[in-house]
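One structure is given below, encoded as structure tokens.
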Amino acid sequence: MANARHILWLYEELPALVREGLLSEEQAAALRARYGKVESVSRASIIIVLFSVLAAALIASGIILLLASNWDQLGRGTRAALSFAPLAIGQALAAFTLWQRRDSVAWREGSGILLAGAIGASIALIGQTYNVPGDPQAFLLTWIVLGMPLVYLLNATTVALAGMAATVSWALGQRWQSEETAYFFWAYLLFVLPHVYMAWRSDRAGARFQLLGWGLCLMLLFLPVALPYRHSGLWLLVYSALGSAGVLLGVSPWAGRWWNAFLFIGGGGTALLSLIFSFSGFWTSGILDKSELISVSGEWLMALPLLALPGALLLIRRAERDPLVMLWAALPLLTYPTYVLAAAQFSPGIITFVYNLFAFALGVATLVTGARRGSLGQANIGMALVSMLAILRFFDSDFGFLLRGVVFILVGAGFLVVNLYLSRRNKRAEAAA
Amino acid sequence: MIRGKIAIAVFALMAFAQWVVPGSMILQHERTLTQGEEWKFRCQLLDPYDPFRGRYVMIDVSAGGVDTEGMDLPWSEKVYVSLERDDEGYAKYGAVSTEQPADGAYLLAQVYGSQVVFPLNRFYMQEDIAPEAERVYFDATRSEELRAYVTVRILDGHAVLEQLYIDDTPVADYVRAQGS
């Protein structure tokens with residue numbers, strides 16, 4: 001499926017192609033029929049959508065606050081009846097949108113978020129009228145579930161994003177309060193994926209998919225909260241697999257734009273993890289309870305598809321041959337075996353050496369490739385990684401002040417030299433062009 | 001996006017569920033309030049704030065103590081606390097059990113370590129009165145013995161907090177009388 005931007009470009013080109021005799025009128029019409037109508041999104045309409053969502057969210061919050069003020073002059077019966085009022089208004093607007101304004105993104109998103117807010121207002125008012133004990137978990141879960149159909153009914157991305165945020169806060173509460181596994185986190189993830197896929201199919205470079213990408217990545221950052229508590233070491237495998245998958249997805253044309261959530265969070269996460277794993281303290285401290293490291297159980301099944309994700313992505317996209325990308329995606333190749341080694345009480349010295357080497361290689365390779373390709377940003381990312389590693393190691397170990405001072409000066413000087421070299425080179429290239 | 005007849009069906013189902021959930025909450029609470037047995041619990045007051053549901057007075061009815069010693073219950077375990085009445089007619093806590101008592105009134109509570117948390121911890125009030133109520137209560141308890149209690153209706157273990165009394169007066173009336 002081609003993306004809407006490309007189709008629009010094609011349609012703009014068609015008249016010229018016909019004029020130049022490259023295509024006949026019939027062929028141009030056939031092409032238009034082949035690719036269909038494109039919902040063109042202008043800047044003005046995006047602003048209208050943003051304002052309608054903002055207005056609906058403000059009105060919904062206003063209703064909640066209004067009801068929260070609590071009028072004790074009103075009897076119980078009146079207040080019970082009143083708690084259905086926002087619901088009725090929200091549903092009426094959603095129904096109107098569904099049958100009269102189906103093609104308007106502003107109406108769909110706006111009425112969706114308004115009704116979603118109204119559900120919360122209604123449950124909250126009942127809680128207040130009857131002095132229902134404060135159980136934010138049950139309140140949130142009811143709210144999310146009752147609002148979920150709106151995501152597909154109105155194709156409302158803002159409702160999907162709000163649901164993600166609410167699900168994360170519910171899962172955190174679940175872990176905090178009752179130490180129960182937050183299975184609903186997984187349910188919501190599965191529920192929202194088709195919506196993400198549909199947004200991707202209609203326009204992968206568009207705001208809708210890009211926003212959902214950020215939402216999805218941020219939600220996945222909290223995934224270990226939804227893993228069973230017993231496996232205190234499982235998160236390290238899951239995070240490294242997700243980081244690797246994020247990098248592979250982020251550099252592929254699937255991501256829509258070159259600068260995207262998958263690359264940013266996947267790459268950032270990979271860098272952060274390799275730095276964390278380079279501490280010997282990490283492998284010896286109580287963060288990893290070795291007795292729990294290897295205890296195969298049914299809960300592993302939940303994590304297994306995620307652990308296999310980077311491998312699956314590589315299989316599907318065999319074209320990926322950029323060595324730098326492969327290196328960034330290689331972290332799971334280290335974490336999977338070291339997880340087992342750490343469980344077998346293997347020397348932490350060797351494990352941390354391997355991660356130091358990996359982080360260093362990652363930094364240097366990014367720096368060198370960036371320099372060769374003339375990309376100042378990439379070179380600086382590599383440089384930052386190398387210097388972070390140097391700084392961490394020198395706070396970590398017992399080296400003298402003199403040595404530490406010299407190394408810091410060298411790292412700083414390195415930064416300057418690389419930047420100077422690259423900006424000179426870029427200027428020269430511009431002058432030559 | 002869902003279209004056509006399916007959209008109508010999904011919308012109808014969703015709208016129905018959105019009415020049924022709050023509706024059944026109302027029915028359940030109304031049933032307990034009208035048919036439930038009335039109990040009085042001595043309590044203490046604190047004043048917090050809920051961003052969604054507004055001002056409430058936080059209530060602690062656990063004073064007098066629930067004995068869970070030696071039970072070694074798991075974190076957040078649900079327990080049944082059976083109720084008795086003391087000489088003055090206030091509720092008093094009896095036996096704690098993980099199984100539902102066969103007869104008599106009881107409350108469902110949750111155990112967090114040595115703490116027993118009852119589902120009677122909030123009394124919602126008009127926003128200008130709640131902080132006043134706590135202040136009045138606080139001032140009064142320093143000078144004299146002031147009784148605060150809540151009336152609770154209980155039906156088959158489902159408890160609904162009905163009214164908060166300070167010195168035998170509903171709290172809102174008490175605060176208004178103090179202010180004037």
Side-chain angles (χ1 to χ4, degrees), chain A residues 61 64-73 76-77 79-81 83-84 87-88 90-92 94-95 98-99 102 108 115 118-136 139-140 142-143 145-150 152-156 177-180 195 198, chain B residues 1-3 6-8 10-15 17-23 25-30 32-33 48-59 74-77 110 112 117-130 150 152 159-164 170-172:
Chain A
S61 320
I64 292 176
L65 285 175
L66 215 60
L67 294 177
S69 131
N70 194 341
W71 302 301
D72 57 8
Q73 298 93 321
R76 239 170 42 218
R79 295 204 318 188
S83 55
F84 288 111
L87 209 52
Q91 285 180 354
L98 207 47
W99 281 284
R102 180 181 274 282
R108 291 198 319 251
L115 178 50
I119 298 166
S122 152
I123 311 173
L125 184 60
I126 291 168
Q128 186 197 83
T129 306
Y130 294 101
N131 299 308
V132 175
D135 181 358
F139 175 67
L140 260 179
T142 317
W143 191 355
V145 170
L146 285 178
M148 270 162 72
L150 290 170
Y152 291 100
L153 215 47
L154 295 169
N155 196 12
Q177 268 195 346
S178 56
E179 296 185 359
E180 277 168 31
H195 179 70
M198 286 191 289
Chain B
M1 199 165 151
I2 309 170
R3 284 174 190 279
I6 303 173
I8 299 176
V10 172
F11 184 83
L13 259 174
M14 177 194 73
Q18 286 169 353
W19 282 76
V20 162
V21 171
M25 284 168 76
I26 291 176
L27 283 183
Q28 189 196 20
H29 285 88
E30 278 298 335
T32 304
L33 280 175
Y49 172 79
D50 183 315
F52 292 110
R53 285 170 283 192
R55 280 272 181 210
Y56 57 87
V57 183
M58 195 139 165
I59 286 172
W75 188 259
S76 82
E77 174 80 353
Q110 267 183 308
Y112 296 95
V117 176
F118 289 98
L120 303 167
N121 50 13
R122 293 182 170 198
F123 183 75
Y124 289 90
M125 301 186 70
Q126 200 155 305
E127 58 181 332
D128 47 340
I129 296 182
V150 287
V152 176
V160 179
L161 207 156
E162 196 175 29
Q163 184 57 272
L164 167 64
V171 61

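Quick caveat: nothing in here was measured; it's all calculated off a predicted structure. The chains referred to below are lettered A, B, ... by the order of the sequence lines, with proteins before strands, and numbering in each begins at 1.
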Pick from A/Leu146, A/Val145, A/Thr142 with the largest number of heavy-atom pairs that fall under 4.5 Å of chain B: A/Leu146
Choice from A/Ser83, A/Ala95, A/Gly90 maximising heavy atom contacts with chain B below 4.5 Å: A/Ala95
Portion of B/Ile8 that has a non-hydrogen atom of chain A nearer than 4.5 angstrom: both
side-chain contact (heavy atoms from CB on, under 4.5 Å) partners for A/Ala156, two or more places apart: A/Glu109, A/Leu154, A/Val159
Rounded to the nearest 0.5 Å, what separates atom [atom1] in [X] from atom [atom2] in [Y]?
| X | Y | atom1 | atom2 | answer |
| --- | --- | --- | --- | --- |
| B/Met25 | A/Thr129 | CE | OG1 | 9.5 Å |
| B/Arg122 | A/Gln128 | CZ | CD | 11.0 Å |
| B/Gln18 | A/Ile123 | CD | CD1 | 9.0 Å |

Which atoms form the tightest heavy-atom contact between [X] and [Y], and what is the distance?
| X | Y | value |
| --- | --- | --- |
| A/Phe84 | B/Ile26 | CE1-CD1, 3.7 Å |
| A/Asn131 | B/Leu161 | ND2-O, 3.1 Å |
| B/Tyr124 | A/Gly127 | CE1-O, 3.5 Å |
| A/Pro149 | B/Val10 | CB-CG1, 4.4 Å |

Set of residues satisfying side-chain hydrogen bond (donor to acceptor under 3.5 Å, both in side chains) with respect to B/Glu30, sequence neighbours excluded: A/Arg76, A/Tyr130
Please classify the contact of [X] with chain B as side chain, backbone, both or neither, using a heavy-atom distance under 4.5 Å.
| X | value |
| --- | --- |
| A/Ile119 | side chain |
| A/Ala94 | both |
| A/Ala88 | both |
| A/Leu150 | both |

Atom CG of B/Leu27: over 12 foreign heavy atoms under 6.0 Å: yes
pair B/Pro22-A/Leu87: side-chain heavy atoms closer than 4.5 Å: yes
Aromatic ring pairing A/Trp99/B/Phe11, orientation class (parallel under 30°, perpendicular over 60°, tilted between): perpendicular
